[in-house]
Amino acid sequence: MGRSRFRSLRARLTVLYAGLFTAGLVALTIFAQVMIERSARRTAADELAASGSVYDRLWQERARSLAGAADVVARDFGFRSAVASGDEATIVSALASLSARADVPQAVLIDQGGQVIGDAGAAQGRLAALSAAMSDARRDAVIAIGGKASRIVTAPVMAPIEIGRIALIVPLDAQEMRGLERLSSIPLRASVLTRDADGWGGGDGHVAATLPVDTVVTLPGASGQSFAMLKLLPGVASRPDAALLLAYPMDRAMAPYRSIQFGLVLAGLAWLVLIGIGSGRLARGIARPIAALDHAARRLAAGERTEVAVETDDEVGRLSATFNAMSQGIVEREERITHLAFHDILTDLPNRAFFRQSLDQEMARAARSGERLALLYLDLDGFKAVNDSLGHPAGDALLRRVGEQLLELSGHAVVARLGGDEFAIVVQESVDRSRARRLAHDILDSFARPIDVEGQTIPSGTSIGISLFPDDAATGEALVKNADLALYRAKQDGRGVYRFFEQSLDEAARRRRQIEADLRAAIRTGGLELRFQPIVGTGDAVIRGFEALLRWPHPIEGYIPPTEFIPIAEETGLIVALGEWVLHEACRVAADWPPHIRVAVNVSPLQFRAPGFQAVVLQALARSGIAPTRLEIEITESVFLDGVDAVTDILHKLRAMGVRIALDDFGTGYSSLSYLRSFPFDKLKIDRSFITNIASDESAGAIVKAILDLAGALRMETTAEGVENIEQQSELVSRGCDTLQGYLFSRPIDADAAMALLALKDVALERRVA
Amino acid sequence: MFIARTALASLALFSAAPAWAGPVGIQVLSADGQPLPGAVVTLTLPGTPMPAAHGPYRVAQRNIAFDPRVLIVPVGAAVSFPNLDRVRHHVYSFSSARRFDLKLYGRDESRSVTFDKPGAVALGCNIHDSMSGVIYVTATPYAAVTDGQGRVSFAGVGAGRGTLLVWHPSIRAKGNAVSQPAALTGGGLSTVVRLRP
């Protein structure tokens, strides 16, 4: 069966079953028809044969009946008397009455002399000879005259010897035959044939002389075939003149069977229809579960969730069950994948993608109902330190705990982990913004306490930025950005606080982005400058070195203070490239200076921790050719915020290279003295805030004194920053500070000016001021 | 046969012709070649005198049959028909030679009929179809009934030309008889008459 011929299993099964059944049915029907036909023929032949013998009897009966009628007359005394006396008139009248009584057209008397008395019609001439030829026993003969057969029945007239014979002449015409036919049990056609040149003719046609006698044969005829039997009718002589042909028309013989055959065909057709319907149903029964499976599989392929009914215990049923299990497995895996795609594995909270979707939905819903939403953006403070110091498992556990806690605190709100230590919460906000505020408070309070994670107590804290919909933004993206800005602001404002978004934050952010872009361009095009501020000896005010200070002459806005663009450079990572440039530039400039003049370069914590910082330092030294001891790296205490060990490691490596390390802005910030223990700095730079009031404020003076004592004890050099007047200088001199830096001696100056200053060999700078 | 012999005897008595023919023997065969007994054979010669009646002639009815079956009588003879049976008989004849009708008569009754014309007179009983007999009235002395061999013989027959006639009920011809010319010489006559079918 061709692949292309049937698109469905059902059609194929239907055709197969229907074909098989039909073939069987047709074979059976043909067999039955043949058997019926044969049986019918045999039966018809038997009937015909039986009818043939019945005809024989009828024939003889008729002969007896006629002869009896004639005998009555022949034995009548008066008739005999008339015959003996030749009383022709009496004879004729008696014969007429016989003819009428016996219903025979002609009755005649043949006397002993062969004379025929009465009208014998066409047989007249032959009767005498006929009578003479017939023996005494024969009473009956059939003769043919001119193609017409007549039956002659005789009765002798005895007186008491035979004196004549009565002859009844019965033409074997149609009427006579019909009479015979009526006596038959089957619808026969009887006809009398007379001998002709080559067989038997007349009546219903012509048959050959060779036709067997008293045997049923099949004859063709004008009105179709018929069963036929030829019976010879005894004539006068041994050779009969006529024969009786009994014909049983085939259509009439077969008529009873035709209805059976027709019925059989009809039943066959009905059966065929049933076969068609049954095959269709059977095929559907078999194919339906498979078609259902096929359909279900297509739907499954199209991504629909689908199952098929398991109706049976057979292979199809098991296949269906397996399919359902497979389908179920696929659905579950899909759900799992979907869940993974939209959830954070660690905390099982919605991830950023899911959060964004949820946010959009919440916003759409809120927009419809006129509600207000609050988006809380959270960032754990100091999470990196946890990861670094306690390891990632602890960090992960902390994140899980944080997630649980946020869920707990926020009730039914959407809580998502956006990545790293960032979380977001969407809540329905009340009109007075109190709900977001309350939640922020709760979160901050909750996180103010250390969190117990895996048996460890981890100090935690978080900053929160909050933006409101629809107040702060119309789109999800903007809402997220604004919350992020608020978070940024909270971080800037010292962590552990929450901030609502304000429009100014947005403007500040925009400016930051502008500055970032311009700064990136400045780094690329060399739009930055270095200024150098002299560091002089306390006693002689002679220049010992310069601190390199970065200046950015913005083409439009003029000089932008480092306090503005350095944080931006730090946030954006530009600080690395910026710092690298500064290092190179400072070293390059310093290379022209006398070999005892040092150059101090500020390095931001980000730059310091950036991989390859030592290589950068080495490169700057190598390219400029200055001695490592002339380079002084200034770092602030904040470099230690993200871990002490890693920083000291780098410091030691720099120290090993010969580079000097100065601790800048000492006295502010953490001012943990433990740092001083962890690394032997070359220099402490005392923050300008102590110097400004050193003369007037005793406590400031005390602190400076303490610092100087500390440095002296630790054998560290000291530099006082922001020295602006003589009082300060003299105070510092009296307290034993090593070097000074400030406007009292010089503003930061460009490289040329620094060179010119250095040309005045060993000039004390205070003179200029003075 | 007794009657036949009587007849022959009477023939011999009347043989007074001047020229005598030899012995005459005739056999009658039926159409199928079998000897035909019971047939009446007559030989008629011109000049032969009429036989005289020697009565009494009698055809009795005994045991529902005529006795004798065949009786040859000369013309003019009277024949009585005594009924020896216990039943009645109705003897008749439709023959043209002598038509008569003896209505029912009983035992030991007798009727008498005179036959004055030559020819076969077929006797029947209207009551008993099976009864059949014949009285053959002849004008010639040479008449006899064939024996079991279908034979008759005549003696003392004069020479000359005559007619030989055979009568038998089975002969399908006018008068149930066939005749043929017969030439009687000194050597007599010996012939076989075969009837046609």
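Naming: A, B, ... by sequence-line order, numbering from 1 per chain. Remember, predicted model here, so these are calculated numbers, not experimental data.
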*What do you reckon, is CZ of B/R69 surrounded by more than 12 foreign heavy atoms closer than 6.0 Å?*
no
*Residues A/I161, B/N176; criterion side-chain contact (heavy atoms from CB on, under 4.5 Å); working and verdict*: CA-CA 9 Å; A/I161 63 164; B/N176 300 98; 3.5 Å; yes
_Tell me if the CD atom of B/Q180 is crowded by more than 12 foreign heavy atoms within 6.0 Å._
yes
*Whether over 12 other heavy atoms sit under 6.0 Å from B/D101 CG*: yes
*Within residues 74-82 of chain A, which positions have a heavy-atom distance to chain B below 4.5 Å?*
A/R75, A/F77, A/R80, A/S81
*For B/H90, is it the side chain, the backbone, both or neither that has a heavy atom under 4.5 Å from a heavy atom of chain A?*
side chain
*asked:* Could you report the tightest heavy-atom contact between A/P160 and B/Y92, atom names first, then the distance?
replied: N-OH, 3.8 Å
*asked:* Just so I know, are the side chains of B/R99 and A/S85 near enough to count as touching, which here means a heavy-atom distance under 4.5 Å?
replied: yes
Residues 142-152 of chain A side chain polar contacts: donor-acceptor under 3.5 Å, at least two apart:
| unit_1 | atom_1 | unit_2 | atom_2 | d |
| --- | --- | --- | --- | --- |
| A/R151 | NE | A/D140 | OD1 | 3.3 |
| A/R151 | NH2 | A/W59 | O | 2.6 |
| A/R151 | NH2 | A/D140 | OD2 | 3.1 |

*In Å, rounded to the nearest 0.5 Å, how long is the span from CD of A/E162 to OG of B/S132?*
11.5 Å
*Answer with side chain, backbone, both or neither: which region of B/S96 has an atom nearer than 4.5 Å to a non-hydrogen atom of chain A?*
neither
*Counting only heavy atoms not in A/R178, do more than 12 sit closer than 6.0 Å to its CZ atom?*
yes
